[in-house]
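Treat the numbers as computed from the prediction; the structure is a model and nothing was measured.
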Amino acid sequence: MISQFFVLSQRGDNIVFRDYRGEVAKGSAEIFFRKVKFWKEDEAEEAPPVFNVDGVNYIHVKVAGLFFVATSRVNVSPSLVLELLQRIARVTKDYLGVLNEDSIRKNFVLVYELLDEVIDFGYPQTTSTEVLKSYVFNEPIVVDAGRLPPLGPAAIFMQGTKRMPGTAVTKSVVATEPGGKKREEIFVDIIEKISVTFSSSGYILTSEIDGTIQMKSYLTGNPEIRLALNEDLSIGRNGSSLYDYRSSSGSGTVILDDCNFHESVHLESFDVDRTLSLIPPDGEFAVMNYRMTQEFKPPFRVTALIEEAGSSRAEVILKIRADFSPNVTANTITVQMPVPSYTMRASFELEAGATGQTTDFKEGSRRLEWNLKKIVGGAEHTLRAKLTFSQEIHGNIAKEAGPVNMNFTIPMYNASKLQVRYLQIAKKSKTYNPYRWVRYVTQANSYVARL
């Protein structure tokens, strides 16, 4: 049970506000934004998703640069409210096509109508786009995709030699296109978030993949879809799992620890040929979520070294090597390394001919930051940094620095080797041939190298 729901911009502007129970003061949005903007508790740089101020619980998620926030005075389940906020963001995106401040402001009547159906007196009712179509009748005002910021190479959909920009999925699932015609197409994303921890000598200590197969359908008539995965896929470390989904070929080369499926997925033929059949509901949804802890080849090797260079100086060497095909390019790479708290300044030295790289020393949080615009597969990059301290070094300096943390996005690459063999759509007629787009995206969840 929640008392209020509101959406704030990155500047703290109130875009949407709904008070369901009148239990919390009207200035809660301002209190929340001040607290998040200037968070200084627990030595953390960012506010946690759940915190309490003067007896009011603030629960929030950040989606597309917007804060989706719920407040409550009672002891609600945080995970329930966090999931509700994520689903509200997803439903809003399904209706508006693109989720940003401009699209919400232009469609505030539609957004409020959605909220009135999703939440009643603070209690969640439904977050299904398909169910809401029966109750929400306002047409969305479509935001011109040309005005949106570029989504970058990660937002490229690919099928064979055909390419399509990611703005193709910025269409609303309910809007009527000009001319009354609807482009028949379906999008499938295999999104993987990987967590890897390297030892100081470069060995892998822990590794895990959290993946999801997401689908967004613009097909009329809701035809049946068959999605085929690797034939040599096994689920469970011994080739079986709690669900007893056994591989047709014994132990597969792709071994998932566990997985779960959307309620619309039928698994009759999954045991035989690893094929999922479903009638996709409206909107974006996760067909399958999976987890993998089997050994896999991490996309990057990260090594870090810090050495004393005098009584009050030290030198840091960071190396990154891209262990994937030269045909693949990683984007928006950020490497961060905490340094001793008594570090006064840092000077950086990039390799000769380096382009698209920036460095910075964050004095407030005492960490080095290295940003790379892109890294081509097979490439290796090195950064040297010279640190100056305000006092003499005592003890092992490596214990006071690190670990190194890395963030990145790699389009058209997946570490688990899970593949979509084919995407088959039930034909309505001989001429029915909708577009099918499949993309793979790998992102860093926790990519850490110890010193």
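Interatomic distance, OG1 of T442 versus CD of E192, reported as 5.0 Å (0.5 Å rounding). Annotation: the span from F68 atom CZ to H60 atom NE2 amounts to 12.5 Å, rounded to 0.5 Å. Here I191 contributes atom CD1 and Y440 contributes atom OH; the two are 12.5 Å apart, rounded to the nearest 0.5 Å. Atom CD1 of I425 and atom OG of S217 lie 7.5 Å apart (nearest 0.5 Å). One finds the CD atom of E224 at 11.0 Å from the OG atom of S264 (value rounded to the nearest 0.5 Å). From E30, atom CD reaches atom NZ of K37 across 14.0 Å, with rounding to the nearest 0.5 Å.
Under a 3.5 Å cut-off, the side chain of E117 and the backbone N or O of T126 do not form any donor-acceptor pair. Checked by atom type and distance alone, the side chain of D120 never pairs as donor or acceptor with a backbone atom of Y123 at under 3.5 Å. At least one donor-acceptor pair under 3.5 Å links the side chain of N107 to the backbone N or O of I141. Checking side-chain atoms of Q4 against main-chain N and O of T71 turns up no donor-acceptor pair under 3.5 Å. A side-chain donor-acceptor contact under 3.5 Å links N100 to the backbone of D102. Checking side-chain atoms of D232 against main-chain N and O of V254 turns up no donor-acceptor pair under 3.5 Å. Side-chain N or O atoms of D94 include one that pairs as donor or acceptor with a backbone N or O of E284 at under 3.5 Å. In this structure, the side chain of R21 does not engage the main chain of G122 through any donor-acceptor pair within 3.5 Å. Judged purely by atom type and a 3.5 angstrom limit, S72 uses its side chain to pair as donor or acceptor with the backbone of M1. Looking at R436, its side chain does come within 3.5 Å of a backbone N or O of L423 through a donor-acceptor pair.
Shown here for Q419 and N230, the closest heavy-atom pair between the two residues is N-OD1, 2.6 Å. What you find for A444 and N407 is that their closest heavy atoms are CB-CA, 3.9 Å. Taking both residues in full, the closest heavy atoms of L82 and V61 are given as CD2-CG1, 3.7 Å, listed atom of the first, atom of the second, then distance. Closest approach of T275 to A228, counting heavy atoms only: OG1-CB, 4.0 Å. Among all heavy-atom pairs drawn from L96 and L110, the shortest one is CD2-CD2, 3.7 Å. In plain terms, the two heavy atoms of P299 and I194 that are nearest each other are CD-CD1, 3.4 Å.
Other residues, nucleotides and ligands contribute more than 12 heavy atoms inside 6.0 Å of the CG atom of N52. Residue Y422 places its OH atom among more than 12 non-hydrogen atoms of other residues, nucleotides or ligands, all under 6.0 Å distant. Counting heavy atoms of neighbouring residues, nucleotides and ligands inside a 6.0 Å radius, atom CD of E268 exceeds 12 of them. When the shell of 6.0 Å around OH of Y135 is examined, it contains 12 or fewer heavy atoms from other residues, nucleotides or ligands.
Each of V50, V36, V53 was scored for a side-chain contact (heavy atoms from CB on, under 4.5 Å) with Y58, with one residue passing: V53. The only option from F300, F324, W370 that meets the ring pair (Phe, Tyr, Trp, His ring centres under 6.0 Å) definition with F408 turns out to be F300.
Checked against a 6.0 Å centroid threshold, the rings of Y435 and F187 do not count as neighbours.
The aromatic rings of F51 and W39 sit tilted relative to each other, their planes meeting at an angle between 30° and 60°. Using the six-membered ring where Trp is involved, F6 and F32 have ring planes that are perpendicular, over 60° apart on the 30 and 60° scheme.
A cation-pi arrangement is present between R274 and F270 under the rule of less than 6.0 angstrom and at most 45 degrees off the ring axis.
A salt bridge links E101 with R11: the distance from a Lys NZ or Arg NE/NH1/NH2 to an Asp or Glu carboxylate oxygen falls below 4.0 Å. Ion pairing of D323 with K297 is absent here, as no side-chain N (NZ or NE/NH1/NH2) approaches a carboxylate O to less than 4.0 Å. Between E231 and R421 there is a salt bridge, with a side-chain nitrogen of the basic residue lying less than 4.0 Å from a carboxylate oxygen of the acidic one. A salt bridge links R291 with D258; the closest basic N to acidic carboxylate O contact falls under 4.0 Å.
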**Evaluation steps, side chain to side chain contact (heavy atoms under 4.5 Å, CB included), between R226 and D273** = CA-CA 11 Å; R226 293 177 65 83; D273 58 5; 4.1 Å; yes
**Message:** Before you tell me yes or no, could you show the steps for E295 and S207 under side-chain hydrogen bond (donor to acceptor under 3.5 Å, both in side chains), namely the whole-Å CA-CA distance, both residues' side-chain angles and the distance that decides it to 0.1 Å?
**Reply:** CA-CA 7 Å; E295 290 184 11; S207 59; over 6 Å; no
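Two residues are said to be in side-chain contact when any heavy atoms from C-beta on lie closer than 4.5 Å; V111 and V7 fail this criterion.
Looking at T293 and D257, their side chains do bring a donor and an acceptor atom within 3.5 Å of each other. Of the N and O atoms on the side chains of T334 and E369, not one donor lies less than 3.5 Å from an acceptor on the other residue. Under the 3.5 Å distance criterion, with hydrogens and angles disregarded, a donor-acceptor pair is assigned to the side chains of N445 and S195.
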